[in-house]
Amino acid sequence: MTFSVSSGIISGSGKNKAQKEPEKHEKTETKKETLALGKMKVLFSEKQIDDRVREMGAQISKDYANKQLIVVGLLKGAFMFLSDLVKRITVPMEIDFMILSSYEGTNSRGSVCVQKDMQTDPMGKDILIVEDLIDTGTTLAWLCHHLQSKKCKSVRLCTFLNKQTSRRIKQVNIDYVGFECTDEFVVGYGMDYNQQLRNLPYVGFFEQEKL
Ligand SMILES: O=P(O)(O)OC[C@H]1O[C@H](OP(=O)(O)OP(=O)(O)O)[C@H](O)[C@@H]1O
Ligand code: HPA
């Protein structure tokens with residue numbers, strides 16, 4: 001697949017993402033270029049995703065009968081999964097969002113900061129955190145710890161993808177997992193490559209071309 005983007009966009013500073021230095025241009029206007037990112041391999045199709053999300057929704061509906069459910073989506077990555085998932089949950093709920101960002105140190109990504117907090121007071125509520133993927137575990141480990149101080153009635157974690165990776169540095173208990181996922185840089189269904197490709201309705205990765 002070739003993917004046409006402006007050099008300014010593709011060279012963004014996303015963590016754990018392939019980095020590409022912007023080309024230097026004499027003129028300041030953004031130059032359009034076509035980047036060959038390799039062939040897209042589909043990991044999870046729309047049909048597989050739909051089937052699994054329905055199953056997850058049914059399970060969550062059972063588990064949260066008679067509870068005060070607040071579904072909290074972590075933006076941006078979880079937006080598509082959350083929107084599909086809540087349609088399959090049949091118990092009453094509130095929906096809220098957070099934006100967290102983590103910083104890379106020389107060896108680890110330890111610090112997380114809240115860019116946008118949830119609007120609902122979580123005290124006494126049953127919180128279900130909805131995430132697109134867990135990689136190092138930093139984001140969810142930090143959030144669990146953070147919510148412990150908020151006197152929630154319960155906190156459970158739901159992730160669409162659980163990456164099988166040696167980069168996992170924080171062990172977190174995940175209550176609901178959509179799919180176990182190989183250690184590829186995945187895109188689509190909310191997940192990005194330098195902020196692009198979130199809109200793909202399936203999950204894929206770019207196969208490295210053999211030399
Ligand atoms: O387990 P971790 O190593 O903490 O990584 C997982 C987080 O990283 C990605 O978010 P990102 O910060 O790229 O933001 P995004 O959701 O806006 O894509 C992903 O969406 C998870 O939230
Ligand atoms: O595989 C990934 N895709 C998108 N964003 C990510 N952040 C960590 N891993 C990934």
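In listed order, ligands and their atoms are each counted from 1.
Near Glu184, meaning under 4.0 Å from any of its heavy atoms, are these atoms of ligand 2: 1 (O). Shown in contact with Lys76 at under 4.0 Å from a heavy atom are these atoms of ligand 1, numbered in order with element: 15 (P), 16 (O), 17 (O). Atoms of ligand 1 found under 4.0 Å from any heavy atom of Leu133 (numbered from 1 in listed order, with element): 6 (C), 21 (C). Close contacts of ligand 2 with Lys163, meaning ligand atoms under 4.0 Å from a residue heavy atom, involve 1 (O), 2 (C), 9 (N), 10 (C). Which parts of ligand 2 touch Asp192 is read off a 4.0 Å heavy-atom cut-off, strictly below it: atoms 4 (C). Interface atoms of ligand 1 facing Thr136, defined by a heavy-atom separation under 4.0 Å, are 1 (O), 2 (P), 3 (O), 4 (O). Every atom of ligand 2 is numbered from 1 in the order shown, and the set under 4.0 Å from a heavy atom of Asp135 is 8 (C), 9 (N).
Taking the six-membered ring where tryptophan is involved, the planes of Phe160 and Phe179 are perpendicular, since the angle between them exceeds 60° and thus also 30°.
Between Arg156 and Ile60 the shortest side-chain heavy-atom distance does not fall below 4.5 Å. Under the 4.5 Å side-chain criterion, counting only non-hydrogen atoms from C-beta, Gln68 is not in contact with Lys153.
Residue Gly77 places at least one N or O, backbone or side chain, under 3.5 Å from an N or O of ligand 1. Some N or O of Gly137 is nearer than 3.5 Å to an N or O of ligand 1, by distance alone. The distance criterion of under 3.5 Å between nitrogen or oxygen atoms is met by Arg198 with respect to ligand 1. An N or O contact shorter than 3.5 Å links Val186 to ligand 2 by distance.
Ligand 1 lies out of reach of Ile99, whose nearest heavy atom is not under 4.0 Å from it.
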* side-chain contact (heavy atoms from CB on, under 4.5 Å) between Leu143 and Leu74, worked out -> CA-CA 10 Å; Leu143 186 55; Leu74 301 191; 3.9 Å; yes
* **Pair Tyr64-Leu128, side-chain contact (heavy atoms from CB on, under 4.5 Å): steps then yes or no** => CA-CA 10 Å; Tyr64 282 88; Leu128 180 65; 3.8 Å; yes
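At a heavy-atom distance under 4.0 Å, no atom of Arg167 approaches ligand 1. Counting heavy atoms closer than 4.0 Å to ligand 1, residue Asp192 contributes side-chain atoms (C-beta onward) but none from N, CA, C or O. The proximity of Leu133 to ligand 2, defined as any non-hydrogen pair under 4.0 Å, is limited to the side chain. At a heavy-atom cutoff of 4.0 Å, ligand 1 is contacted by the side chain of Asp132 but not by its backbone.
Minimum interatomic distance between Met118 and Ile127 (heavy atoms only, all atoms of both residues): CE-CD1, 4.2 Å.
Checked against a 6.0 Å centroid threshold, the rings of Phe44 and Tyr189 do not count as neighbours.
A donor-acceptor pair shorter than 3.5 Å cannot be found between the side chains of Gln171 and Arg168. Side-chain polar atoms of Asp183 and Gln164 form no donor-acceptor pair below 3.5 angstrom.
Exactly one residue among Ile49, Thr159, Asp132, Val53 makes a side-chain contact (heavy atoms from CB on, under 4.5 Å) with Phe81. That residue is Val53.
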